[in-house]
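Worksheet: one structure, shown below.
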Amino acid sequence: MPISAVDTISLAFQHTRRQILQPFRFGQWTRLALVGFLAGELGSGSGCNAPSNFNFPQQPGATRHLLGPTLPNIDPALLAVLIVVLVVAGLVLGIVLMYVSSVMRFILFDSVLAKECHIRAGWRRRQDPGMRYFLWKLLYTAVTIGGAVVLVGIPAGFAFAVGWLKEPRQHMAVLILGGILLFFVVMIFFVALGVIYVLTKDFVVPQMALENIGAMEGWRRLWAMMQAEKAGYAGYVGMKIVLAIGASIIVGIATLILVLIIAIPTAGLGIVAVLTGRTAGLTWNLYTITMAVVVGCILFAIFLYLIALISVPVIVFFPAYSIYFFAARYPALSSALYPPQSPPPSPLPPEAPPLPPAPVPIG
């Protein structure tokens, strides 16, 4: 009988402990942090929503004095160009990061399966499955956006067409009931999409990695497996939600401590830099705003990497959890996870005893 989702937890814990602590290797730890961060593993197994609002003591009107006189002096055309450039750059960067994340997902799978993380070798080897997974993610994103627009746009358009939005007080009961119904429909839609995404990266990616197939073929096979064992896979999804909540709490506490140690001093240095620049006569223009945005993005990326560094146990645990669960149901993964032991070399035949010396002839 295949191993249950509950019994898989101990195997994943043992695997995580062996990979990251026996022995502890800082180089492997940092590479796993980078791969897990770029693969998006932080968002699937742990929560990284750090508090972002801090109230610093300040004099009334200090912010208006710092920014008020300078922002109106920015050329609107330059500001519009800056906004367009940032939007286009954000879209391009998002697509590039999606491709990098797709390839890194396979590198993370290989790293957990082999207990060794080699980024450059994995990047060269996993381009083809990474591209197929990237195309699937583009389709997934399009379905997500299109579905959200349809689910929200059609009811909103209908309410506007029949006049419910023009005089909402006269249709309050219908709007409230319709809003509640729409909320649950949208929630079910996004929960279903979330489950599809998790099952794809947990159970379809291993098939793509080991058999060089596409995502749709992997889903066809996975669907047959799920139909044959509905309770087992439902238990896996439920247990993973529970584990993700626990991991989110632990990583959230660690992130809060990291915020207190790093973010507050960094914010203080940023305020000092702004005040110093204003004293030196610098004003907010296209170049200073661009520099501030670039520096802020770099600092934010460093902060996220530090979060990934302290989240390495979670980054390893959740892929290991899916690997051990799926290996009991997918023979190709089981063979890769438990390679057959090579037979010991056959012993050499015993050497023949040396011949006795020939007798010396007489006479």
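Starting from 1, each residue takes its place in the sequence as its number.
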If you define the side chain from C-beta out and look only at heavy atoms, does anything of [X] sit under 4.5 Å from [Y]?
X: Phe24; Y: Ile20; value: no
X: Arg220; Y: Met216; value: no
X: Trp123; Y: Val100; value: yes
X: Ile323; Y: Pro206; value: no
X: Ile213; Y: Arg221; value: yes

Taking [X] for its side chain and [Y] for its backbone only, find out whether a donor-acceptor pair lies under 3.5 Å.
X: Trp29; Y: Leu309; answer: yes
X: Tyr305; Y: Thr30; answer: yes
X: Ser311; Y: Ile307; answer: yes
X: Arg126; Y: Ile107; answer: no
X: Ser101; Y: Leu38; answer: yes

Here the gap from His118 atom NE2 to Glu116 atom CD, rounded to the nearest 0.5 Å, amounts to 4.5 Å
Can we call the ring centroids of Phe203 and Trp219 under 6.0 Å apart?
no
Between Thr200 and Trp136, do the side chains contain a donor N or O and an acceptor N or O under 3.5 Å apart?
no
Applying the ring-ring contact (aromatic ring centres under 6.0 Å, His included) criterion to Tyr140, which one of Tyr197, Phe134, Tyr133 satisfies it?
Tyr197
Is there a side chain to side chain contact (heavy atoms under 4.5 Å, CB included) between Glu41 and Val314? Walk through the geometry before answering.
CA-CA 8 Å; Glu41 188 61 28; Val314 174; 6.0 Å; no
Using the side chain to side chain donor-acceptor pair (under 3.5 Å) rule, collect all pairs that involve residues 315-330, keeping only residues at least two apart or in two chains.
His15-Tyr324, Glu211-Tyr330, Glu229-Arg329
